[in-house]
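Accompanying notes for the structure given below.
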Amino acid sequence: MPVEEFVAGWISGALGLVLGHPFDTVKVRLQTQNTYRGIVDCMVKTYRHESLLGFFKGMSFPIASIAVVNSVLFGVYSNSLLVLTATSHQERRAQPPSYTHVFIAGCIGGFLQAYCLAPFDLIKVRLQNQTEPRAQPGSPPPRYRGPVHCAASIFQEEGPRGLFRGAWALTLRDTPTLGIYFVTYEWLCRQSTPDGQNPSSATVLVAGGFAGITSWVTATPLDVIKSRMQMAGLKQREYRGMLDCMVSSARQEGLGVFFRGLTINSARAFPVNAVTFLSYEYLLHAWG
Ligand SMILES: CN(C)C(=N)NCCC[C@H](N)C(=O)O
């Protein structure tokens, strides 16, 4: 099994993650808290109350976990294509796989990465939602002191299953949307590249950016539900399940609730995924 795809997936994911984390924090807060009037209000309040550091809350764990998550996504995607089409990454420009194969391989990658991502994503979302400023003498400490404390508290309070809160919504979000992600990327690359040639860096950047936007636009409704299920029982009400979360969110806040965070998520998705695909392709090219 070629391992370069796994390593390239890890490095490219880490680069994208650092670039996109501040946007991600604003998105998570908009989706799970009703105290902000919009993106700018959320940014201003976060900055005033928590300084620039507020935007980077919950980042250390994803950085550590991206090694697993993105390498699983890209590694499983590429190796699934190898099984489906019997072509390696290098051979795929000369013998391009069908879009059906690309979609299936993306779905398999998305399904498996979702299970690796679930506990890390839960901890990220819980930490991003802590709006207390950095500990100051006399002020009450935040509920979680950091990622390890957060994981340990969830484990103690809810057992190992607690760490997988929202995992179903995450799996339903990621399985089809990662199929869409890779199909969009492939389609855009093929549109602007002569047959058999490698896409230029500019093409990879644009195709990666739009693959990110398309997949996140389709993922947003389940992303909202996933974030709410992850926060359930903490600041918000408990839900009886995913359906209950969907119905009660829509009843209380209207259908627009399913598109919360869409704008900021799309703005984040372009640069993050442009950089992710560019570095991924570059590394695989450099390793021959
Ligand atoms: C719609 N979904 C779930 C995705 N496109 N996932 C791939 C994630 C790529 C990048 N780390 C990001 O956070 O955008």
Side-chain angles (χ1 to χ4, degrees), residues 5-6 8-28 31 56 58-59 61-78 80 102-103 105-118 120-122 124-125 128 166-188 204-227 230 258-281:
E5 282 95 344
F6 287 95
W10 163 25
I11 298 174
S12 58
L15 290 171
L17 186 122
V18 175
L19 195 68
H21 196 80
F23 296 93
D24 193 61
T25 300
V26 175
K27 177 206 80 174
V28 166
Q31 287 180 337
F56 289 92
M59 194 178 78
F61 226 40
I63 284 281
S65 65
I66 200 87
V68 182
V69 175
N70 226 52
S71 67
V72 166
L73 172 62
F74 280 83
V76 170
Y77 165 73
S78 194
S80 301
V102 171
F103 182 75
C107 291
I108 299 173
F111 180 82
L112 290 177
Q113 76 120 36
Y115 259 81
C116 305
L117 176 64
F120 297 112
D121 192 64
L122 171 71
K124 174 189 78 82
V125 167
Q128 283 176 317
W168 263 114
L170 183 66
T171 310
L172 284 181
R173 182 197 80 176
D174 281 7
T175 305
T177 56
L178 280 154
I180 294 173
Y181 181 63
F182 286 107
V183 167
T184 311
Y185 175 72
E186 272 301 314
W187 185 77
L188 286 172
V204 170
L205 278 173
V206 173
F210 277 109
I213 293 186
T214 320
S215 60
W216 277 110
V217 167
T218 45
T220 299
L222 276 165
D223 191 45
V224 174
I225 299 306
K226 183 253 347 151
S227 300
Q230 289 172 324
F258 295 116
F259 298 97
R260 284 247 194 116
L262 182 69
T263 313
I264 186 88
N265 218 1
S266 307
R268 183 196 78 91
F270 193 93
V272 168
N273 292 287
V275 165
T276 300
F277 272 104
L278 185 67
S279 42
Y280 176 75
E281 294 283 4

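Both ligands and their constituent atoms are indexed starting at 1 by order of listing.
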Check: Do any heavy atoms of Leu178 fall under 4.0 Å from ligand 1?
Finding: yes
Next item on the list: Check whether the side chains of Tyr181 and Asn273 place a donor and an acceptor atom closer than 3.5 Å, and report yes or no.
Entry: yes
Item checked: Check: Asp174 N/O within less than 3.5 Å of ligand 1 N/O -> no
Checklist line | Under 4.0 Å to a heavy atom of Ala219 - the qualifying atoms of ligand 1, by number | finding: 1 (C)
Next item on the list: Hey, can you tell me if Phe277 and Tyr280 have their rings parallel, tilted or perpendicular (30° and 60° cut-offs)?
Entry: perpendicular
Next item on the list: State, with a plain yes or no, whether a side-chain heavy atom of Leu17 is found less than 4.5 Å away from one of Met59.
Entry: yes
Check: Is there any N or O on Ser215 that sits under 3.5 Å from an N or O of ligand 1?
Finding: yes
Next item on the list: Report the nearest protein non-hydrogen atom to atom 10 (C) of ligand 1: residue, atom name, distance rounded to 0.1 Å.
Entry: Asn273 OD1, 3.4 Å
Next item on the list: Output yes when the distance from some N or O of ligand 1 to some N or O of Arg268 is under 3.5 Å, and no in every other case.
Entry: yes
Next item on the list: For ligand 1, note which part of Asp24 has a heavy atom under 4.0 Å away: side chain, backbone, both or neither.
Entry: neither
Check: With a 4.5 Å heavy-atom cut-off, do Phe210 and Phe270 have their side chains touching?
Finding: yes
Notebook entry, point to check: Arg173 near ligand 1, heavy-atom distance under 4.0 Å?
Noted result: yes
Next item on the list: Would you check if Asp24 and Arg268 make a side-chain contact, meaning some heavy-atom pair closer than 4.5 Å?
Entry: yes
Item checked: Heavy-atom closest pair, residues Val217 and Ser266 -> CG2-OG, 3.9 Å
Margin query: Do Trp216 and Leu262 have side chains that approach each other closer than 4.5 Å (heavy atoms only, starting at C-beta)?
Written below: no
Notebook entry, point to check: Within the structure, does Thr177 bring an N/O atom to less than 3.5 angstrom of an N/O atom in ligand 1?
Noted result: no
